[in-house]
Protein chains: 2
Amino acid sequence: MTESSARTAEESAPAAPSGVPDAFDVFARSCPSRTTLEHVTGRWGGLTLGALHEDTLRFNQLRRRVDGVSEKMLSQTLHALERDGLVVRDARPGNPPHVEYRLTPLGAEVSTRLLGLITLLEDRMPEVLAARETYDGRGGK
Amino acid sequence: MTESSARTAEESAPAAPSGVPDAFDVFARSCPSRTTLEHVTGRWGGLTLGALHEDTLRFNQLRRRVDGVSEKMLSQTLHALERDGLVVRDARPGNPPHVEYRLTPLGAEVSTRLLGLITLLEDRMPEVLAARETYDGRGGK
DNA sequence: CAGAATCCCAAGCGATACTG
DNA sequence: CAGTATCGCTTGGGATTCTG
């Protein structure tokens, strides 16, 4: 991820009276929080965190759980999440190799929020589906 | 942790002949909930919903708020969200044209969850940044 | 202002093959 | 099992132009 930030996140933060450091603002294009949000909500990031919320899992277990992910993308996703401090890679020596992935405390908080969102959506899918039909039915399509 | 292993919902065929209430499972590749999740957590979907959580906004206000989005992508994102029943497009006739976007009740619930996630991340960014440095420092890169 | 349509490059991603 | 490396298709999405 080419993060060529010559100047780091500075959006016109108005009067910060005290020595309060500029808050991170995900709406600002170059705020580092934006890339983390993208890792978390990206195509595979959210599902990966969701899967790990339930259990510590090994690489191939994860692959099976997150239906449709390729090895490459899972590996890549895991690296990004590990780098951001949301996931820990726990490798134990031996043969065959044994590696487990687990959430950090922060990762657990994030995945809790994410799972709340996922559950909400799953619950309300009938509404969504109905809306789509209405939309497609008249001039929408 | 919510319900641990109560998810035996392994269905490959979302369509059940009789009124079987097969649950939507976002982990399944072809579940319709997956596409909605992607609209919501996609690159611009989350930020758009987040922006609309605060206010009803017009197209160009939205564009300014969601820093970095192009007209095309905003338009596209808005359509997807409208189709899924999360956003309402409220157009009033006149010249110049006046169009507002507003969340539906479901959209408001979703954006509340999303905003919780965003806020959490913004708050904990120092942790994330520290993790990145550690990771990059010792051979991770 | 609000948005549709077109063009087009770069990034995303899957398939495959290879390593330890 | 747990990955990395390479290749090439597909897509995302920015820039630009055009309508009402």
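- Checking dG13(D), dG3(C), dC1(D) against every side-chain atom of Pro97(A), the shortest atom distance belongs to dC1(D).
- A side-chain donor-acceptor contact under 3.5 Å links Glu122(A) to the backbone of Val26(B).
- In this structure, Tyr101(B) reaches the dG3(C) phosphate: one of its side-chain N or O atoms is under 4.0 Å from OP1 or OP2.
- Contact annotation for Arg92(A): no contact, since no heavy-atom pair falls under 4.0 Å across all strands.
- At the heavy-atom level, Gln76(A) lies nowhere under 4.0 Å from the strands shown.
- Of the residues in residues 39-70 of chain B, those lying under 4.0 Å from DNA chain D by heavy-atom distance are Arg43(B), Trp44(B), Ser70(B).
- When the P atom of dG3(D) is taken as reference, atom CG of Asp90(A) falls 11 Å away, rounded to whole Å.
- Ser75(A) has no side-chain polar atom (N or O) that falls below the 4.0 Å cut-off from OP1 or OP2 of dA2(D).
- For the pair Glu109(A)/Leu120(B), a side-chain contact is recorded, criterion being any heavy-atom separation below 4.5 Å from C-beta on.
- Atom C1' of nucleotide dT16(D) and atom CD of Glu71(B) are separated by 10 Å, given to the nearest angstrom.
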Which is it for Arg65(B) and Asp55(B) under the salt bridge (charged side-chain N to carboxylate O under 4.0 Å, His left out) test, yes or no, and what are the steps along the way? CA-CA 11 Å; Arg65(B) 179 83 179 108; Asp55(B) 264 316; over 6 Å; no
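- Scanning both residues, Glu54(A) and Phe27(B), for their nearest heavy atoms gives OE2-CE1, 4.4 Å.
- Counting all heavy atoms, side chain and backbone alike, Gly45(B) lies closest to Leu81(B) at O-CD1, 4.2 Å.
- Protein atom CD of Glu82(A) is 10 Å distant from nucleotide atom P of dT4(D), rounded to whole Å.
- Residue Arg113(B) is tested with Thr119(A), Leu121(A), Leu117(A) for a side-chain contact (heavy atoms from CB on, under 4.5 Å); the sole match is Leu117(A).
- Using a 4.5 Å heavy-atom threshold, the side chains of Glu100(A) and Leu57(A) count as separate.
- The phosphate of dA4(C) (OP1 or OP2) has a side-chain N or O of His79(B) nearer than 4.0 angstrom.
- Distances were taken from every side-chain heavy atom of Arg89(B) (C-beta onward) to each of dA2(C), dC1(C), dG20(C); the shortest belongs to dA2(C).
- Side-chain proximity of Lys72(B) to the nucleotides dG3(C), dC1(D), dG13(D) is greatest for dG13(D).
- The CE-P distance, from Met73(A) to dT4(D), rounds to 13 Å in whole Å.
- Between the CD atom of Glu100(B) and the P atom of dA2(C) there is a distance of 10 Å, given to the nearest Å.
- The separation between Glu38(A) atom CD and dG12(C) atom C1' is 13 Å, rounded to whole Å.
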